[in-house]
Structure formats: C-alpha cells, structure tokens
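These notes concern the structure reproduced below.
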Amino acid sequence: MGFYLGIDFGTSGARGMVIDEVGIMQQRVIYPFEMYPRVDLANIWQMALFRLLDQISGELRREIRAIAINGTSSTVLLCDAVGNPVDAPLLYNDGRGAVVMDRLKSAAPPNHTVLSTTSSLAKLLWMSQQAFFTQAKYFLHQADWLAFLLHGQLGISDYHNALKLGYDVETLQYPQWLEQLQISIHLPKVVTPGSAIGEIRPEIAAKYNFPKDCLVCAGTTDSIAAFLASGAESPGEAVTSVGSTLVLKLLSRTRVEDVRYGIYSHRLGDLWLTGGASNTGGAVLRQFFTNTELESLSQEIDTSQASALDYYPLLKPGDRFPINDPNLQPRLEPRPDNPVEFLHGLLESIARIEARGYELLQELGADKLTRVYTAGGGAINDTWTTIRGRYLQVPVMRSMNTEAAYGTALLAMGRMRE
Ligand SMILES: Nc1ncnc2c1ncn2[C@@H]1O[C@H](COP(=O)(O)OP(=O)(O)O)[C@@H](O)[C@H]1O
Ligand SMILES: O=C(CO)[C@H](O)[C@H](O)COP(=O)(O)O
C-alpha cells in the first residue's frame, strides 16, 4: 500500500495530510505560524516544512510514493543560484506593485490578470527595481521554492501558481508581450500541477526514511487545493474557502477574466475555475475574537434575522475582489457593545461580499451557480453556513474534506493526471 503526502502552506499555518491509495486520510499534521513573529518568512516556511515531515509517523513515511505542496497564490520570492532567498518574500496581498502599474499597463494586454497591484508580475517588476535584484537568479512562488527544498531542482512552477505571473494557461507558454519588460531573471519552467518533477533529494530520503524513489510533484494554490478536496466536479458547483481570506472558485465551461473586479480563471482539465480572492475573511474575525469565541458566540446568533450592520471587513485598506481597489477602506463601524451582534454583522457582511462575487461571475458568463461547498477554517461554522445560504440561494455545505492539504495529497496521487 502506497501513501501520498499533501502539504498546504496557508496564511496562518502549514498543514500536512497523508492519504492512502483510495483517498482515506491516514494522518494530519499541523504547524501554526502564529507561534512565531512574522520575521524571516522563508526561514519559518523552511522550518515548518521539515517539522511537518518530522511529525509524520515513520511507518507512513516509509511508504510515501509522492509529495505535493500548495502555497498561497502570488506569494513570491527571489533566489540566488543555489536557492537562497535574496530578500524577504512578498505575500499574496502585498500591494507594493502599485508603483509599477503604468509600466505593466504599457506591456500587458488590457484587462489582463497581471494588471492587479498584487499580481506576481507586478511584484517581480517592483523587485527588479530594488538593489537586491542583482543577486537574484530565480523568481519563484512559495510552493515552487518549498518543493525545490525537497527535489533540489530550481526554477520549476505549475500553471496554477504561474497564472498571476502572466503565463498563458491556454497556449501553455509565456506570452510574447512579457519579453518587452526585459526583466533579467530566470522565470520558472511551468509544468502541469501534480506532475512529477523528480525524486526526493537522497539526503532527505535518508534522514526521514522516505523511499528513495519518492516523487516530488508540482503543486498548486491553496484555494485550488481546497477545490480538489471538496468533491466538486460539475460546472456550476463552487467552493468558497473561508480561511484567513475569502476565495471563490466556480467551476465553469466558460473562462471569465475581468481585472476590474479582480476576476480570473484557473485551468482545470478542460474546464475553468472562475473566481477571485478577497482580503476579507477569517483574519478579520481573528482580530476581534478567538476561535473559541467564534464558535460560542456564533451559536447565539439568530440566523432567521439579517443583521442591519453593513461592514466591509478588512484588516487594512485594499481589496482584490469583488472590488479590486488597493485603497478600499475597511468599514467596521458602528460597533455594537454586544459581541454577538457585532459578530453577526461581520458574518453577514462577509456573506454579502461572497454573494456579490458569485453574482459577478455569473453576470460575466460563468456557469449558473448550483451549489457551494465550503473549505477553510470557517467551514465548521454552521451558523455562518446558514447565513451564507440565505444570500446565495443554493445549497451550501461543508466540503467532503475542508482541508486544502487533502486536495494537494490527491494531486500527488495523480488527481490532475486523470
Ligand atoms: N468557528 C469559526 N467560525 C468562523 N471562522 C472561523 C472559526 N474557526 C476558525 N475560523 C477562521 O479560520 C481562519 C483560518 O482558516 P484556515 O483555513 O485554517 O487558515 P488559512 O486561511 O490561514 O490557511 C481563521 O482566520 C479564523 O477566523
Ligand atoms: O488569498 C489567498 C490566500 O489564501 C489565496 O492564496 C490566493 O489569493 C487565491 O488565489 P488563487 O485563486 O490563485 O488560488
């Protein structure tokens, strides 16, 4: 019996999941980032990766056939010729690319996905103007770099992570216009998510007792991994990841791209995962409540009554979707004294943002929404699920498995190769 390991690098932590050949979970391991100050991110990720491997039982490790890793989309970093980061990674919601948008607009086609201040290409263009750029040889996404630590081959990515770098996921090549930017860096070679990149490094196989021929596969992004975990498979089915952020994925026969709203489509076989990623979500809830409070206070909410509180919950100015505005101000007033009322307003407001996202996707040509699976930390909140269902007007339920790491384990097992 062989096993498969999926590793999810999210916002608040990293999670690993080992599954068997029929997809049954054998072990789940976690590494919360909250324990560490947000300094030297790459070091924390590297430590998290190997601590997760440490936590997996030896008897499972001996039989692991393949490993895949997902990261957060458009979280990127520059590396030198041997894979050492030359400066701090930039996270998915980092908007410093705003200062290079004019140059990007002069090169990219109108309405292109890269024309967001948080796109990977905007970040690369900003990086190319920094002093440390002269030391850089490779531009990588978080998932690419973490997989490199295991397989040892620099400069390989997947066409999910590479979408926001400008990679054309229909022609499966970088577009001509990208060369106009003349950025002197190795852009990653792009392969199919889940395809085998190579065997695990011998020294890692020896240290952790993995099979010498354990394969390390190309990865994906966290919200696509969550989609793979959900069991959704028909056009019209969707997955909302209510994690630290709010990410929508609606499976559609039609590709939808509209950077005005932060809408883009990922390729999934011969279909499209239309969607977008908002900065609203669980991270805002955690600013006011612990997970325990979220659970207990939610149970006191009367879901039959809509909250009159109309917030736009953000940690800081700027959203990506369904309002693609780097200067959008958080709206969290008026704040009632009663914490139940306040939480009710927050949950309803995030539900309204989700509903607006799906409404836009359908208006722009995506298949009609038929059901919504829920992934991420907020999926356990039945009160929230009920509130969301009132706005979405379709069945809303927890995913078959709410963990992105499960979807990434399926990817390692060959889910994309079917
Ligand atoms: N009972 C709950 N109700 C709503 N949200 C919750 C609940 N428990 C946890 N969360 C949210 O889950 C989020 C973490 O989601 P998770 O998917 O685990 O992580 P990440 O998005 O960082 O990868 C937290 O920001 C928290 O607000
Ligand atoms: O917001 C995020 C953090 O969890 C997602 O990683 C990301 O932005 C979603 O992007 P994609 O749709 O490419 O998976």
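We count residues from 1, following the sequence as given. Read the numbers this way: they start at 1 and go in the same order the structure lists the ligands and their atoms.
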- Query: Heavy atom under 4.0 Å from ligand 2: found in H160's side chain, backbone, both, or neither?
  - Reply: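 No part of H160 comes within reach of ligand 2.
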**Request:** Could you check which of N93, T221, N70, D222 puts a non-hydrogen atom nearest to atom 6 (O) of ligand 2?
**Result:**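 The residue whose heavy atom sits nearest atom 6 (O) of ligand 2 is D222.
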Which of the numbered atoms in ligand 2 are under 4.0 angstrom from any heavy atom belonging to A277?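 Under 4.0 Å from A277, ligand 2 has these atoms: 1 (O), 8 (O), 9 (C).
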- Message: At less than 4.0 angstrom from any non-hydrogen atom of K164, what atoms of ligand 2 do you find?
- Response: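 Once the distances to K164 are compared, the set is 8 (O), 10 (O), 11 (P), 13 (O).
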Suppose I only count heavy atoms of [X] and a 4.0 Å limit; which atoms of ligand 1 are within that range?
{"X": "T11", "value": "20 (P), 22 (O), 23 (O)"}
{"X": "G282", "value": "25 (O), 26 (C), 27 (O)"}
{"X": "A283", "value": "25 (O)"}
{"X": "R286", "value": "24 (C), 25 (O), 26 (C), 27 (O)"}
{"X": "G10", "value": "23 (O)"}
{"X": "G376", "value": "17 (O)"}

Does the pair T11 and Y92 meet the rule for a side chain to side chain donor-acceptor pair (under 3.5 Å), with working shown?
CA-CA 9 Å; T11 304; Y92 55 87; 2.8 Å; yes
Name the closest protein heavy atom to [atom], giving the residue it belongs to and the distance to 0.1 Å.
{"atom": "atom 2 (C) of ligand 2", "answer": "T245 OG1, 3.6 Å"}
{"atom": "atom 7 (C) of ligand 2", "answer": "S73 CB, 3.5 Å"}
{"atom": "atom 19 (O) of ligand 1", "answer": "S12 OG, 3.2 Å"}
{"atom": "atom 8 (O) of ligand 2", "answer": "R320 NH1, 2.7 Å"}

(request) Look at atom CZ of R331 and say whether more than 12 heavy atoms of other residues, nucleotides or ligands are closer to it than 6.0 Å. (result)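 Counting neighbours around CZ of R331, more than 12 heavy atoms of other residues, nucleotides or ligands fall under 6.0 Å, so yes.
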**Message:** Around atom CD of Q329, are there more than 12 heavy atoms from other residues, nucleotides or ligands closer than 6.0 Å?
**Reply:**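 Yes, CD of Q329 has more than 12 neighbouring heavy atoms, counting only those of other groups under 6.0 Å.
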Are any of the N/O atoms on [X], whether in the backbone or the side chain, positioned under 3.5 angstrom from an N/O atom of ligand 2?
{"X": "T72", "result": "no"}
{"X": "S278", "result": "no"}
{"X": "K249", "result": "yes"}

Less than 3.5 Å between some nitrogen or oxygen of [X] and one of ligand 1, yes or no?
{"X": "N381", "answer": "yes"}
{"X": "G13", "answer": "no"}
{"X": "W384", "answer": "no"}

Between R390 and E348, is there a salt bridge with N-O shorter than 4.0 Å?
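Salt bridge present between E348 and R390.
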*Measure the acute angle between the ring planes of F33 and F9, then classify it against the limits of 30° and 60° as parallel, tilted or perpendicular.*
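Judged by the thresholds at 30° and 60°, the geometry between F33 and F9 is tilted.
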Is ligand 1 under 4.0 Å from a heavy atom in the side chain of R15, in the backbone, in both, or in neither?
->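 The side chain, only.
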TODO: Give the C-alpha distance, both sets of side-chain angles, the deciding distance and a yes or no for side-chain contact (heavy atoms from CB on, under 4.5 Å) between E21 and Y4.
DONE: CA-CA 8 Å; E21 289 164 345; Y4 300 88; 3.9 Å; yes
